[in-house]
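Working notes for the structure below.
One-based numbering, in listed order, for ligands and for the atoms of each. All values reported here derive from a predicted model rather than from experimental measurement.
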Amino acid sequence: MPYSTLLTSLENGIFIITINRPDKLNALNQQVMNDLNEVMNEVYNNAEIKSVIITGSGQKSFVAGADISEFIGSSIEQGKALAKKGQDIFFKIEHSPKPVVACVNGFALGGGCELAMSCHFRIASDNAKFGQPEVNLGLIPGYGGTQRLTQLIGKGRSLELLMSANMIDAATALQYGLVNYVVPQEELLNKAKTILTTINSKAPLAVAGCITAANAVFNENGFDIEVTEFGKCFGTDDMKEGTAAFIEKRKANFKGK
Ligand code: COA
């Protein structure tokens, strides 16, 4: 099925989804989010698909975040709706009965880091960079980032990244357990394909059961809190200033209100 913002291919049961907006570093606009929702329906329903790789086009960026230009002028309620929609799509990835691996081929920032974290595990190229820079914009993560980053790397490291907007490199992500492997860019897809070929040889229902059980360890109440907090940001002057400053390519001047 053709998608306007995604490239897809299927080989030996491994379905590769490539987010394809290289001129915007593969930022997640609403069209990409709608396409991701649709492509996950295809993953669930197409029996020929045994497992999935999600990656970004080009060699610079996996996904550089949600598309900031779409945030401008939104209300608190619209902010909440954005977060809820994003969370629902990423839940569909996390709860896929077929394994989904993120091949992080460059920047995984904001919604890009959140997308990678919604996958069942992550492999990074050695130029990858991870971060949740939303506080630079007067925002917090809204697509599950406050919950999954804390689940994956622990509260202290997570809060340091969330509050500072600092990026970490691939070697640090490996040390934190955010990624399973770091490999040269040209080996990234092959590394994932090798692991998925092994998984594809196992009992599919048991593989699905592993995913269901591992997901059940997480308390999902935190996601509701995230929706509320993300929405509240849209009522602040600082969010308007932060998003405007990004678009105008200048430093933001935050006032704390
Ligand atoms: N939303 C919208 N557009 C984005 C984007 C995003 N999250 N990230 C990058 N882009 C766009 C840039 O605006 C630019 O578009 P233009 O050529 O039309 O001006 C293009 O992608 C290339 O990005 P640029 O900033 O020129 O590349 P760079 O190499 O100088 O910097 C980053 C790369 C990733 C450090 C920088 O793009 C960045 O900070 N992006 C935003 C990251 C972020 O805050 N994500 C969280 C969003 S909630």
* Asked: Under 4.0 angstrom from ligand 1, any heavy atom of Asn136?
  -> no
* Considering heavy atoms of the protein only, find what lies nearest to atom 34 (C) of ligand 1 and give residue, atom and distance to 0.1 Å. => Leu109 CD1, 3.5 Å
* Say whether Gly111, considering both its backbone and side-chain N or O atoms, lies within less than 3.5 Å of an N or O atom on ligand 1. => no
* Structure fact -> Judged by heavy atoms only, the candidate from Gly65, Pro133, Gly106 nearest atom 43 (C) of ligand 1 is Pro133
* Asked: What atoms of ligand 1 come within less than 4.0 Å of a heavy atom belonging to Asp67?
  -> 1 (N), 2 (C)
* Structure fact -> Residue, atom and distance of the protein heavy atom nearest atom 8 (N) of ligand 1 read Ala64 CB, 3.6 Å
* Asked: N/O of Ile68 under 3.5 Å from N/O of ligand 1, yes or no?
  -> yes
* Is the shortest side-chain N to carboxylate O distance from Glu241 to Arg250 below 4.0 Å? -> yes
* Could you see which bit of Ala27 sits under 4.0 Å from ligand 1, with heavy atoms only: side chain, backbone, both or neither? => side chain
* Are the charged groups of Lys84 and Asp88 less than 4.0 angstrom apart, N to O? -> yes
* Asked: Taking Glu226 for the side chain and Thr146 for the main chain, is one N or O donor matched with an acceptor at less than 3.5 Å?
  -> yes
* Report yes if some N/O of Glu134 lies less than 3.5 Å from some N/O of ligand 1; otherwise report no. => no
* Asked: What protein heavy atom sits nearest atom 19 (O) of ligand 1, and how far off is it?
  -> Lys249 NZ, 3.0 Å
* Donor on one side chain, acceptor on other, Asn127 and Ser125, under 3.5 Å -> yes
* Asked: Taking the side chain from Thr243 and the backbone from Met239, do they hold a donor-acceptor pair closer than 3.5 Å?
  -> yes
* Could you grab the distance from atom CD of Glu94 to atom CD of Gln87, nearest 0.5 Å is fine? => 10.5 Å
* Of the listed options (Lys24, Met167, Lys60, Lys129), which comes nearest to atom 10 (N) of ligand 1 when hydrogens are ignored and any heavy atom counts? -> Lys24
* To do: Decide yes or no on side chain to side chain donor-acceptor pair (under 3.5 Å) for Thr172 and Asp169, but give the supporting numbers first.
  => CA-CA 5 Å; Thr172 307; Asp169 61 15; 2.7 Å; yes
* Salt bridge or not for Arg157 and Glu160, using N-O below 4.0 Å? -> no
* Heavy-atom protein contact below 4.0 Å for atom 14 (C) of ligand 1 -> no
* To do: Return the residue, atom name and 0.1 Å-rounded distance of the protein heavy atom closest to atom 40 (N) of ligand 1.
  => Phe246 CE1, 3.9 Å
* Regarding Arg122 and the six-membered ring of Tyr176, is the cationic atom NZ or CZ under 6.0 Å from the ring centre and inside 45° of its axis? -> no
* Structure fact -> among protein heavy atoms, the one nearest atom 6 (C) of ligand 1 is Ala66 O, 3.6 Å
* Hey, is atom 27 (O) of ligand 1 touched by any protein heavy atom at less than 4.0 Å? -> yes
* Asked: atom 31 (O) of ligand 1: which protein heavy atom is closest, and how many Å away?
  -> Leu25 CD1, 4.5 Å
* Please check if a non-hydrogen protein atom sits closer than 4.0 Å to atom 21 (O) of ligand 1. => yes
* **Pair Phe107 + Phe130: ring centers closer than 6.0 Å** => no
* Does Asp23 come within less than 4.0 angstrom of ligand 1, counting non-hydrogen atoms of the residue? -> yes
* Measure the spacing between CG of Asn46 and NZ of Lys98 and express it to the nearest 0.5 Å. => 6.0 Å
